[in-house]
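As the structure is a computational prediction, the values presented were derived from the model and not from experiment. Reminder, nothing fancy here: chain letters follow the sequence lines and each chain counts from 1.
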Amino acid sequence: MDTQHLTQVTDTQWRLAPQGPMRVPGILFGSQALIRDMDDKVREQLANVASLPGIVQAAYAMPDAHWGYGFPIGGVAAFDPEEGGVVSGGGVGFDISCGVRTLHTGLDRAAILAVQQELADALYYRVPVGLGSTGGIRLDDREMDAMLAGGARWAVSRGFGRPEDLGRIEEGGRMAGADPKQVSDQAKRRQRDEMGTLGSGNHYLEVQEVTRIHDDAIAAAFGLELGAVLVSIHCGSRGLGHQIGTDYLKRMVLAASQHGIRLPDRELACAPLNSDLGRAYLGAMRAGINCALANRQIITHLARQVFREVLGVDPTLLYDVSHNTCKLEEHVVEGRRRQLYIHRKGATRAFGPGHPDLPESLRAVGQPVLIGGTMGTASYILAGTVQSQELAFNSACHGAGRALSRHAATRRWQGRAVQNELAQRGILVRSPSPRGMAEEAPGAYKDVSEVVAATDRAGLARLVARLEPLVCIKG
DNA sequence: ATGTTC
């Protein structure tokens, strides 16, 4: 992106002045190098988002932003229902509530290395992975609706994990306001036997070692020590979330003119928050959030079984974050408290210290912000800050962000070669898809360290710990 | 991301 279109505000904040139909400015976070490497499409898409009815303050792009469907991935936008604000399926993304959860194993690197092959094989055998993968659970209509209304709480009530897990999940493990009736039969049918599966693309289950502590006090509060081994699970709402996105995109395109909305881009299809269609989407999307929370809870149960069998330990949950959501939150804008719907697409909620929605055990330090990297580089744990409320409605980046398209990556790398190179570096990858491994080659991503450094410098979240992979189960 | 094209 040519920075001449932007005004530099700080070393990590750039402003796109309102022009044409834009109702508010665009704000991009990132170092000069990250902004320069961003596609011009990010700026165009940000300008489109800034043109939507009822948008408040600005349209934001996180340091890992890249071109997405309608909204940029790494995009954040708040809408006020009292001012004609809208909800957009493209603003949430097709993988509703895709997110990351991280568990403590209580083990160190040496314990893993002693059984590394066996652990990798056992996890790969136990956790279903890949496009169209199915699990050992079948949901009838009644159980489907209970899952869509109950999220991880439903999963715990059915024996997947423990009640104490729930306090370490956004929304206490259950998104309120879900309305399973607003989810199509087709979406439910697609999900019937996909619970407890990772899916494909950038989804994974990783065993990781803490290789650097950046903030001693917060790391201690999160229970993180140098050399400790963690498990991170990155996945979402599978076929159900995708079908909800598809269903409502069509309906929002068709209804836009009735709602008096002129779309700068069909992919920005949206509906007023105060409309039947807007409310129906919110009910369905919240059911999609519960599906993703239940899915990560079941996968946690499967991973725990493996860790008990192979290593005799029972991992505990550090935290679970979603990064494709639209959530109703209270924010102070220019001194006034307002109830706003915050779209975060490829962006993590990042509540700072003292936020009332955080569990008591985390309230003093702020919310863990779990950033997934690539299978060959690093992942990071950050913490929410107080100032991120004013900067971007308590939001932070979500990952490395792609630098090369999937197609370009498959031309440059071969999956088996990627796997072998990683094995030589001590990282065991298991995947059903050589093509998937090529698409996900570490070189196809931006430098996650640069992304989190910019996030930390911008004040969006504070850097706490660096993690490096030992085992990766990859879709 | 996705029964990788309705």
Touch class at under 4.0 angstrom, heavy-atom based, for [X] against every strand present:
{"X": "A/G201", "value": "sugar-phosphate"}
{"X": "A/G199", "value": "sugar-phosphate"}
{"X": "A/R435", "value": "base"}
{"X": "A/E194", "value": "sugar-phosphate"}

Between atom [atom1] in [X] and atom [atom2] in [N], what is the gap in whole Å?
{"X": "A/R406", "N": "B/dT4", "atom1": "CZ", "atom2": "P", "answer": "15 Å"}
{"X": "A/Y69", "N": "B/dT4", "atom1": "OH", "atom2": "P", "answer": "16 Å"}
{"X": "A/Q186", "N": "B/dT2", "atom1": "CD", "atom2": "P", "answer": "16 Å"}
{"X": "A/N295", "N": "B/dT2", "atom1": "CG", "atom2": "P", "answer": "10 Å"}
{"X": "A/D95", "N": "B/dT4", "atom1": "CG", "atom2": "C1'", "answer": "14 Å"}
{"X": "A/E439", "N": "B/dT2", "atom1": "CD", "atom2": "P", "answer": "12 Å"}
{"X": "A/L254", "N": "B/dC6", "atom1": "CG", "atom2": "C1'", "answer": "14 Å"}

**Asked** Is it true that atom CG of A/D2 has more than 12 heavy atoms of other residues, nucleotides or ligands lying nearer than 6.0 Å?
**Response** yes
**Asked** Say you draw a straight line from CG of A/L467 to CG of A/L370; how long is it, rounded to the nearest 0.5 Å?
**Response** 9.0 Å
**Prompt:** Quick one: do A/D39 and A/R402 make a salt bridge, cutoff under 4.0 Å?
**Reply:** no
**Prompt:** Looking at A/S200, does any N or O in its side chain come under 4.0 Å of the phosphate oxygens OP1/OP2 on B/dT4?
**Reply:** no
**Request:** Report yes if at least one side-chain N or O of A/R238 is closer than 4.0 Å to OP1 or OP2 of B/dT2; otherwise report no.
**Result:** yes
**Asked** When you measure from the side chain of A/T300 to the backbone N and O of A/R296, does any donor-acceptor pair fall under 3.5 Å?
**Response** yes
**Complete:** Ranking A/K250 and A/E440 by the position along DNA chain B of their nearest nucleotide, the one closer to 5' is A/E440
Indicate every side-chain donor-acceptor pair of residues 408-417 of chain A with a distance under 3.5 Å to a residue at least two apart or in another chain.
from   : atom 1 : to     : atom 2 : distance (Å)
A/T410 : OG1    : A/H407 : O      : 2.7
A/R416 : NH1    : A/Q419 : OE1    : 2.8

